[in-house]
Amino acid sequence: MTMQAEPAEAQAASGSNRMIWADAIHKSYGRNDVLKGIDLEVAAGEVVCLIGPSGSGKSTFLRCMNHLETVDDGIMWVAGRVVGYEMKGDRLREQSYAQVCRSRTKIGMVFQHFNLFPHMTVLENIMEAPTVALRQKKSVVRERAMRLLEQVGLAEKAQHYPRQLSGGQQQRVAIARALCMEPSLMLFDEPTSALDPELVGEVLKVMKDLARTGMTMVVVTHEMNFAREMADRVVFMDGGVIVEEGPAAELITNPRHPRTKEFLASVL
Ligand code: ADP
Ligand code: MG
């Protein structure tokens with residue numbers, strides 16, 4: 001059980017260059033065992049693509065990383081913090097809501113549906129969390145927001161509302177919004193799945209540029225070309241376990257496990 005995890009070992013993990021260290025993560029919804037013991041390490045600066053069939057637990061795992069779900073068993077450190085718990089002396093105790101919120105500010109998340117605030121302009125969307133949650137100075141945040149809009153190629157849309165933008169543009173705003181919190185880790189959950197095919201490329205380009213800056217990224221995606229080109233590692237999940245993982249080129253071109261082969265045949 002999580003509470004009995006070795007604090008010394010956990011502490012060592014948080015001090016290394018590991019951005020994520022998940023050890024035997026279990027998660028159930030009622031009697032549905034969704035995560036059945038997931039081990040994963042992601043180093044700072046790594047880009048990892050998480051692939052697998054629908055229902056295999058990819059989103060649940062990402063949500064656990066971002067403190068949006070509680071973990072039933074196992075222990076996970078993300079961006080220097082243990083998920084769900086805090087160190088109290090040499091013991092772990094459950095995190096307060098305020099602590100969970102603080103941990104979350106280090107992690108940016110981008111969803112399939114962009115979830116922009118419809119009544120706010122693009123600039124207001126991007127400035128909201130840093131000014132409200134982190135209470136940073138507006139002038140400082142505005143400057144950073146404009147620089148990020150530049151980075152995602154949407155500087156001229158700052159005063160537009162989300163409904164005036166295409167899906168691809170909205171998703172690029174969502175990425176800029178996440179980055180404005182200056183996270184040390186970015187999680188993407190099928191960021192291009194809801195887009196018309198002709199809009200996928202512009203979002204992938206922004207993600208590629210971001211990967212090249214050295215950002216640590218975990219990307220759930222079916223875009224195998226992106227995985228092949230950008231991922232340091234590809235992790236294949238099925239039925240709540242990691243079936244196989246390896247360097248992108250190797251896993252995609254030469255999968256060993258029959259389930260990986262079958263899945264890749266269905267998406268390539
Ligand atoms: P994936 O992202 O790989 O498609 P998910 O993590 O979304 O998989 O879902 C894995 C399983 O967990 C599915 O069986 C799904 O029905 C179930 N599940 C996900 N979220 C919830 C929830 N909030 N409540 C109950 N069951 C859930
Ligand atoms: Mg999902």
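When a ligand or atom number is given, it counts from 1 through the structure's own listing order. Counting begins at 1 with the first residue of the sequence.
Salt-bridge check for Glu229 with Arg212: passed, with a basic side-chain N closer than 4.0 Å to an acidic carboxylate O.
Proximity of a side-chain donor or acceptor of Gln170 to a complementary backbone N or O of Pro162 within less than 3.5 Å is detected. A donor-acceptor pair is defined here as one N or O able to donate and one able to accept, closer than 3.5 Å; no such pair exists between the side chain of Gln171 and the backbone of Val203. With hydrogens and angles ignored, the 3.5 Å screen pairs a side-chain donor or acceptor of Lys36 with a backbone N or O of Gly239.
Here Val34 has side-chain heavy atoms under 4.0 Å from ligand 1, and that is the only part of it that gets that close. Residue Val220 does not touch ligand 1, judged by heavy-atom distances below 4.0 Å.
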Working note: Met109 + Asn115, criterion side chain to side chain contact (heavy atoms under 4.5 Å, CB included); need CA distance, chi angles, decisive distance, verdict.
CA-CA 11 Å; Met109 190 149 176; Asn115 305 336; over 6 Å; no

Show your working on side chain to side chain contact (heavy atoms under 4.5 Å, CB included) between Arg18 and Trp77 and close with a plain yes or no.
CA-CA 9 Å; Arg18 287 171 176 147; Trp77 286 79; over 6 Å; no

Going through the distances and angles, do Ile126 and Arg177 end up as a side chain to side chain contact (heavy atoms under 4.5 Å, CB included)?
CA-CA 4 Å; Ile126 299 175; Arg177 181 174 63 173; 4.2 Å; yes

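Listed by number with element, the atoms of ligand 1 under 4.0 Å from a non-hydrogen atom of Ser56 are 1 (P), 3 (O), 8 (O). Less than 4.0 angstrom separates some heavy atom of Asn32 from each of these atoms of ligand 1: 14 (O), 17 (C). Atoms of ligand 1 lying under 4.0 Å from any heavy atom of Ser54, numbered from 1 in the order shown and given with element: 4 (O). Annotation for ligand 1: atoms under 4.0 Å from non-hydrogen atoms of Pro53 are 3 (O).
Using a 3.5 Å distance cut-off with no hydrogens or angles, the side chains of Asp238 and Ser56 do not pair a donor with an acceptor.
In this structure, of Leu62, Asp189, Thr60, the residue bringing a heavy atom nearest to atom 9 (O) of ligand 1 is Thr60.
A heavy-atom separation below 4.0 Å is found between Gly57 and ligand 1.
Taking backbone and side chain together, Ser59 holds an N, O or S atom under 2.8 Å from the Mg ion (ligand 2).
Nearest to atom 4 (O) of ligand 1 among the protein's heavy atoms is Gly55 N, 2.7 Å. Scanning the protein heavy atoms around atom 7 (O) of ligand 1, the nearest turns out to be Ser59 CB, 3.7 Å. Counting only heavy atoms of the protein, atom 25 (C) of ligand 1 lies nearest to Tyr29 CG, 3.3 Å.
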